[in-house]
Number of protein chains: 2
Amino acid sequence: MERWRALGLDTSPHADLIAQRLSHFSELSGREIALLESLAQRTDESTAGSELIREGQLLDSPRLLMTGWACRYRTLPDGRRQIFKFILPGDLFGFCLRPKAVALTATIALTPVVTADASPLATAITRDAASHPGLTQACYATVGLDEAYLLNQLVRVGRQTAYERTAHFILEIRERLAMVGLAGEASVAIPLTQEIMADALGLSVVHLNRTLQQLRRNQLIEFKGGMVRLLQPQRLAEIANFRAPHVTEIARAAA
Amino acid sequence: MERWRALGLDTSPHADLIAQRLSHFSELSGREIALLESLAQRTDESTAGSELIREGQLLDSPRLLMTGWACRYRTLPDGRRQIFKFILPGDLFGFCLRPKAVALTATIALTPVVTADASPLATAITRDAASHPGLTQACYATVGLDEAYLLNQLVRVGRQTAYERTAHFILEIRERLAMVGLAGEASVAIPLTQEIMADALGLSVVHLNRTLQQLRRNQLIEFKGGMVRLLQPQRLAEIANFRAPHVTEIARAAA
DNA sequence: CGGCCTTTTGAATGTCTTCAAAGTGCGTGG
DNA sequence: CCACGCACTTTGAAGACATTCAAAAGGCCG
């Protein structure tokens with residue numbers, strides 16, 4: 001299982017990922033940042049494949065993913081699987097603004113993960129929003145952005161070709177990881193098997209494999225051992241009709 | 001444009017649709033029901049095709065659809081369109097629990113529609129939730145259910161065949177309309193062109209047409225002039241892997 | 001070295017799309 | 001009242017796209 005380290009995954013927890021991410025949405029006070037960093041004190045480790053949230057479970061213990069990747073998915077009785085969303089380091093999950101909500105999907109770890117209890121954050125913004133204006137705003141923005149990514153996913157799967165989909169997916173992951181400093185302008189580490197990616201993109205493994213090869217042949221990406229290098233990010237974005245979700249707009253509107 | 005009446009659409013606004021719908025999620029007091037019914041006093045009419053919400057617009061005026069159908073969608077630069085969600089009579093739209101949220105998609109009327117201002121409802125549950133416990137709970141449940149439908153949509157489009165998708169779609173619409181008394185056990189009025197349905201299901205019009213014919217040939221549905229009759233609902237549900245979203249579970253958990 | 005998981009390849013098949021055109025139903029204008 | 005126009009549905013045929021099955025190749029660990 002040492003695969004994961006080789007894939008460019010830094011397995012040491014960084015307490016500041018979420019602060020870094022939320023800072024994109026709103027100005028955070030020192031006390032707010034301290035609160036976020038204090039979450040790192042109560043962490044848990046889970047192995048790859050372990051179930052983090054069961055479908056139907058009461059969402060009463062929000063968590064923060066510190067390290068590794070997880071996903072939300074559903075399977076059909078015959079085994080076909082659709083992955084809805086990848087959960088990346090610095091992401092909240094099982095985090096719902098509505099009280100007493102129920103998990104609509106299962107969540108599993110795709111790599112070994114370290115998660116932290118995020119209830120202090122949830123408490124801060126639900127019980128005492130007034131004294132945590134930045135956190136409150138940023139959490140709202142995060143939830144909105146999650147929705148936006150889900151809609152992107154639907155457009156990809158519903159209306160784009162395998163070639164476009166794959167390009168779009170890579171760009172989106174790069175963008176999301178870049179927000180927490182885990183991806184550069186033109187490279188990302190994606191620690192997923194092609195089977196998992198295929199389940200997210202609504203493709204068969206074989207076809208995804210051929211699509212990736214096509215992207216390589218066309219000098220758009222390099223893909224070796226989980227590291228993706230974007231050779232022509234601009235061109236890739238055109239092919240995929242990739243438009244960065246208007247984070248700034250969301251943030252500005254919330255301001 | 002008299003198409004719409006012929007399609008089984010009752011164009012007379014029913015003030016009680018939303019009360020009927022929300023009652024499925026939570027017990028509503030007389031005062032709460034009165035509030036819902038009072039929304040019908042401030043209505044607007046829009047023609048088919050008119051834009052109800054612009055993408056990027058600030059979501060500061062939630063509305064209730066009283067009559068007709070609308071949808072949320074996005075188009076790619078080359079014209080391909082993905083419909084995310086159909087908005088049915090008794091549905092809220094532009095309704096977001098987060099303050100100062102921005103519309104992530106456009107919303108247009110697919111038929112002539114009558115909409116009502118739902119801000120009194122929004123105000124009631126945000127400013128004075130304590131004295132409207134039933135409404136508050138029911139609105140939360142509604143938002144959760146919307147999420148569930150979006151996930152269903154993703155599974156359909158990502159992992160089901162055209163045949164399964166179409167069956168699943170019909171069942172879901174029937175179920176949703178049945179909640180407001182606009183569909184029977186085995187029949188629904190669906191006032192959509194095949195092009196619109198195709199855009200929701202991620203199919204070409206031609207293929208959707210053939211898929212519908214296949215469902216007819218197999219004695220699963222009748223489909224004439226917008227009226228769908230389910231000849232073997234049980235069989236259809238098996239084919240589609242249709243499972244009613246656990247509304248009761250959501251409601252019970254929220255209780 | 002051997003086993004297991006993942007990636008890659010080939011070939012056949014099936015699903016779905018595209019293009020083009022014909023058919024149908026309905027409202028409008030002659 | 002009929003004819004026409006328009007939007008929607010249906011049909012056919014060809015081809016592109018994607019899946020399936022089977023097997024080989026590669027990489028990593030024990």
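Every value quoted in this text rests on a predicted model; they were computed, and no experiment measured them. Numbered from 1 within each chain, the chains take letters A, B, ... in sequence-line order.
Of the candidate nucleotides D:dT11, D:dA18, D:dC21, D:dC21 has the atom nearest to the side chain of A:Val206. Of the candidates D:dT11, C:dG10, C:dT17, the closest approach to any side-chain atom of A:Arg210 belongs to C:dG10.
With respect to the salt-bridge test (charged N to carboxylate O, under 4.0 angstrom), the residues A:Arg72 and A:Glu51 do not qualify.
Ranked by how close their nearest DNA chain C nucleotide is to the 5' end, B:Thr211 and A:Asn209 are led by A:Asn209. If you find the closest nucleotide of DNA chain C to B:His207 and to A:Leu212, the one lying nearer the 5' end belongs to A:Leu212.
Regarding B:Lys224, its NZ atom lies at a distance of 17 Å from the P atom of D:dT9, rounded to whole Å. For the pair B:Arg159 CZ and C:dT15 C1', the interatomic distance rounds to 15 Å; values are reported in whole Å. For the pair B:Ile196 CD1 and D:dC8 P, the interatomic distance rounds to 8 Å; values are reported in whole Å. The interatomic distance linking A:Glu195 (CD) with C:dC4 (P) rounds to 17 Å, in whole Å. Taking atom CD of residue B:Gln214 and atom P of nucleotide C:dG14, one finds them 14 Å apart after rounding to whole Å. Atom CG in A:Leu192 sits roughly 18 Å away from atom P in C:dC5 (whole-Å rounding). Computed from coordinates, the B:Gln160 CD to D:dT19 C1' distance equals 16 Å when rounded to whole Å. Between B:Leu208 atom CG and D:dT9 atom P the separation is 9 Å, expressed in whole Å.
At a cut-off of 3.5 Å, with distance as the only test, a side-chain donor of B:Tyr149 or B:Glu175 sits close to an acceptor on the other residue. Checking A:Asn218 against A:Arg235 by side-chain atom types alone, no donor-acceptor pair falls below 3.5 Å.
At a threshold of 4.0 angstrom between heavy atoms, the contacts of B:Arg216 are confined to the sugar-phosphate backbone, with no base atom among them.
Residue A:Gln194 places at least one side-chain N or O under 4.0 Å from the OP1 or OP2 atom of C:dT8.
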Next item on the list: Give the C-alpha distance, both sets of side-chain angles, the deciding distance and a yes or no for salt bridge (Lys or Arg N to Asp or Glu O under 4.0 Å) between B:Glu172 and B:Arg156.
Entry: CA-CA 11 Å; B:Glu172 188 176 286; B:Arg156 269 196 298 254; 3.2 Å; yes
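The aromatic ring centres of A:Phe86 and A:Phe169 sit less than 6.0 Å apart.
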